[in-house]
2 protein chains.
Amino acid sequence: MPKAESKPSEELILNAAVKVFTRKGYAGARMEEIAKEAGINRALLHYYFRDKETMFNIIFETKFKEFFTGLFGVFQSNASFTEKIRSIIDHEITVLSKHPDLARFVIMEIAQQPDRLVQFGQKLGLNPRLMLENFQKEILQNVEEGKIRPIDGRQLLMNIISICIYPFVAKPIIKTMMQMDENTFMDLMEKRKKEAYEFIINAITP
Amino acid sequence: MPKAESKPSEELILNAAVKVFTRKGYAGARMEEIAKEAGINRALLHYYFRDKETMFNIIFETKFKEFFTGLFGVFQSNASFTEKIRSIIDHEITVLSKHPDLARFVIMEIAQQPDRLVQFGQKLGLNPRLMLENFQKEILQNVEEGKIRPIDGRQLLMNIISICIYPFVAKPIIKTMMQMDENTFMDLMEKRKKEAYEFIINAITP
DNA sequence: GGCACTTTTGACAATTTTGTTAAACAATTA
DNA sequence: TAATTGTTTAACAAAATTGTCAAAAGTGCC
């Protein structure tokens with residue numbers, strides 16, 4: 001679907017590249033397909049961006065940021081523990097609803113080359129250790145106050161993240177198995193914000 | 001790492017192919033790498049299996065089965081609802097602990113070509129509609145008996161599956177962010193069987 | 001050993017994919 | 001309008017990947 005545009009340029013190419021890379025991954029993406037998606041000649045890709053890898057890195061960095069920053073941001077706020085949980089859920093489901101292939105793409109490419117996580121994580125100044133420590137402290141504090149039952153912070157964090165992200169990663173499976181069209185799925189995810197919150201709160205109240 | 005074996009044959013090749021395909025996916029896998037992994041000449045791959053796609057389909061089918069059958073089996077038993085939940089959790093975490101790349105591989109390849117789910121699902125006689133219906137009925141029944149709080153069956157099923165599977169899909173991310181080595185991770189997953197069960201039961205008790 | 005058969009390999013061919021280049025084209029400016 | 005600059009393309013070159021084949025090597029049998 002080439003666009004009949006007047007300005008075939010960097011942005012046009014990047015948008016096309018995002019689509020193809022996030023759908024197919026680095027190995028499955030074809031420069032030809034990106035060019036076709038952008039409606040231009042393949043050589044232009046090399047004119048604006050040196051090569052496939054350079055293009056990929058630019059796109060991966062923005063997607064990496066989209067995927068991770070919100071999560072880290074929440075833990076720097078001074079909302080209550082339960083409000084933080086609500087924020088995470090809301091944020092994750094909102095973002096992933098808008099960017100259907102984001103989670104799968106980032107996870108796959110990190111699995112393919114785990115050092116990307118370190119490399120791009122440092123570049124964006126992410127500090128997982130600190131984040132996890134804060135999370136653990138907050139849990140301990142809430143446990144002592146009797147607000148939540150004792151629970152391993154790593155397990156709880158994994159539970160929250162899993163509940164939010166997995167449905168999007170496995171979206172093609174879930175849609176088919178539960179016989180949902182796109183709208184039904186999106187609707188279910190919107191309801192999931194409330195549902196997941198209640199599920200998790202219930203799970204951790206003593 | 002070619003093996004100094006006496007019987008370079010189908011099985012040797014298949015084992016190598018499983019490793020490469022599940023790690024790299026169809027698009028990222030190289031016939032050369034499979035041959036090297038098996039310690040044989042690349043032409044042999046074509047002698048025993050016609051081509052890359054044929055090889056892939058054989059492997060995908062076995063992995064597809066590994067991934068899905070257990071899940072469907074549980075719902076045909078006549079254990080109590082909570083026991084079924086325990087079974088699912090136990091089974092999923094046990095299987096995925098043994099086959100590190102299984103979930104990521106199957107999910108990715110279905111995302112790449114969703115009709116594979118229909119195609120191989122039929123071939124194995126899986127019936128997701130029936131499974132989901134049974135699950136929903138059982139929930140309704142348990143809700144009426146006051147054993148669990150009202151909850152959308154699709155959401156609950158997604159929650160259970162998410163909690164079990166996501167940690168393995170995102171394993172490279174989780175290991176790095178939480179600074180765990182392989183053993184620590186596996187240990188955490190073993191503990192997770194109990195932890196996840198309690199989490200979910202807590203979440204659904206009224 | 002010689003024969004029939006299967007297995008294995010190296011060399012080659014075909015195809016796919018990426019990357020380069022020179023020239024055409026367009027826009028801007030002097 | 002000619003010159004300069006930046007953009008776009010088709011054609012080509014290079015590299016990577018898959019697939020084929022004939023011959024070599026191995027195996028079992030007479």
Side-chain angles (χ1 to χ4, degrees), chain A residues 1-61 63 101 105 108-109 111-113 116, chain B residues 1-61 63 101 105 108-109 111-113 116:
Chain A
M1 295 73 205
K3 294 184 185 176
E5 286 285 311
S6 56
K7 187 197 161 206
S9 64
E10 286 192 26
E11 209 182 340
L12 190 61
I13 293 172
L14 280 182
N15 288 338
V18 165
K19 282 188 193 167
V20 176
F21 274 127
T22 55
R23 278 203 295 252
K24 305 288 183 71
Y26 181 83
R30 295 288 167 261
M31 298 297 268
E32 177 60 38
E33 195 183 344
I34 295 173
K36 195 182 285 181
E37 175 79 39
I40 56 165
N41 188 286
R42 220 181 65 242
L44 257 199
L45 306 183
H46 297 282
Y47 175 75
Y48 283 108
F49 311 92
R50 176 173 303 282
D51 54 22
K52 189 179 175 183
E53 203 185 322
T54 305
M55 248 175 106
F56 174 83
N57 280 330
I58 292 171
I59 285 158
F60 184 75
E61 186 175 341
K63 291 294 157 184
D101 300 315
F105 172 66
M108 287 309 127
E109 295 303 332
Q112 228 41 241
Q113 227 173 287
R116 282 174 178 150
Chain B
M1 291 78 202
K3 295 184 182 176
E5 287 283 311
S6 56
K7 184 195 161 203
S9 66
E10 286 193 23
E11 209 182 339
L12 191 60
I13 294 173
L14 280 182
N15 288 338
V18 165
K19 281 188 193 167
V20 176
F21 275 127
T22 55
R23 277 202 298 252
K24 304 288 183 71
Y26 181 82
R30 295 287 165 260
M31 297 296 270
E32 177 59 39
E33 196 183 343
I34 295 173
K36 196 183 284 180
E37 175 78 39
I40 57 164
N41 187 287
R42 222 182 64 244
L44 256 200
L45 306 184
H46 297 281
Y47 175 76
Y48 283 109
F49 310 92
R50 178 173 302 282
D51 53 23
K52 190 180 175 184
E53 204 184 321
T54 305
M55 248 175 108
F56 174 83
N57 280 330
I58 293 171
I59 285 158
F60 183 75
E61 185 174 341
K63 290 296 158 182
D101 299 315
F105 171 66
M108 287 309 127
E109 295 302 333
Q112 229 40 241
Q113 229 172 286
R116 280 174 180 151

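Source: prediction; values computed, not measured. Reckoned from all heavy atoms, side chains included, excluding hydrogens, waters and symmetry mates. Numbers restart at 1 for each chain; the letters A, B, ... are given by sequence-line order, proteins then strands.
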Expressed in angstrom and rounded to an integer, what is the separation of [X] atom [atom1] from [N] atom [atom2]?
X        : N       : atom1 : atom2 : result
Glu32(A) : dA10(D) : CD    : C1'   : 13 Å
Met31(B) : dT16(C) : CE    : P     : 15 Å
Tyr26(B) : dT16(C) : OH    : P     : 12 Å
Glu53(A) : dA16(D) : CD    : P     : 13 Å
Phe49(A) : dT20(C) : CZ    : P     : 16 Å
Arg30(B) : dT16(C) : CZ    : P     : 15 Å
Ile13(B) : dT8(C)  : CD1   : P     : 8 Å
Lys52(B) : dT15(C) : NZ    : P     : 17 Å

Answer with base, sugar-phosphate or nothing: what part of the nucleic acid does Asp51(A) contact at a heavy-atom distance below 4.0 Å?
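The answer is sugar-phosphate, as Asp51(A) gets under 4.0 Å only of primed atoms, P, OP1 or OP2.
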
Mind checking if Ala35(A) touches a base, just sugar-phosphate, or nothing, with heavy atoms under 4.0 Å?
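The residue Ala35(A) makes no contact with any strand.
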
From the list [options], which nucleotide is the closest neighbour of the side chain of [X]?
X        : options                  : value
Tyr48(B) : dT8(C), dT18(D), dT18(C) : dT8(C)
His46(A) : dG19(D), dT18(C), dT8(C) : dT18(C)
Leu44(B) : dT17(C), dT20(C), dT9(C) : dT9(C)

Is the phosphate of dT20(D) approached by Tyr47(B) (side-chain N or O, under 4.0 Å from OP1 or OP2)?
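Tyr47(B) to dT20(D) OP1/OP2: no side-chain N or O under 4.0 Å.
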
With rounding to the nearest 0.5 angstrom, report the CZ to CE distance, Arg50(A) to Met55(A).
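Reported value, rounded in 0.5 Å steps: 14.0 Å.
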
Between Arg42(A) and Arg42(B), just flag the one whose closest nucleotide in DNA chain C comes earlier from the 5' side.
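Checking each residue's closest nucleotide, the 5'-ward one belongs to Arg42(B).
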
Any donor-acceptor N/O pair under 3.5 Å between dG19(D) base and Arg50(B) side chain
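Under the 3.5 Å cut-off, the side chain and the base do not form any donor-acceptor pair.
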
So do the side chains of Lys52(B) and Phe21(B) get within less than 4.5 Å of each other, counting heavy atoms only?
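Yes, at least one pair of side-chain atoms sits under 4.5 Å.
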
Looking at Phe56(B), Phe105(B), Phe60(B), which one forms a ring pair (Phe, Tyr, Trp, His ring centres under 6.0 Å) with Tyr26(B)?
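The single option meeting the ring pair (Phe, Tyr, Trp, His ring centres under 6.0 Å) with Tyr26(B) is Phe56(B).
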
Closest heavy-atom pair and its distance - Ile59(A), Ala17(A):
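Between these two residues, the closest heavy atoms are CD1-CB, 3.2 Å.
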
Name the one of Glu32(B), Glu33(B), Glu37(B) that satisfies salt bridge (Lys or Arg N to Asp or Glu O under 4.0 Å) with Arg42(B)?
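Among the candidates, only Glu32(B) passes.
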
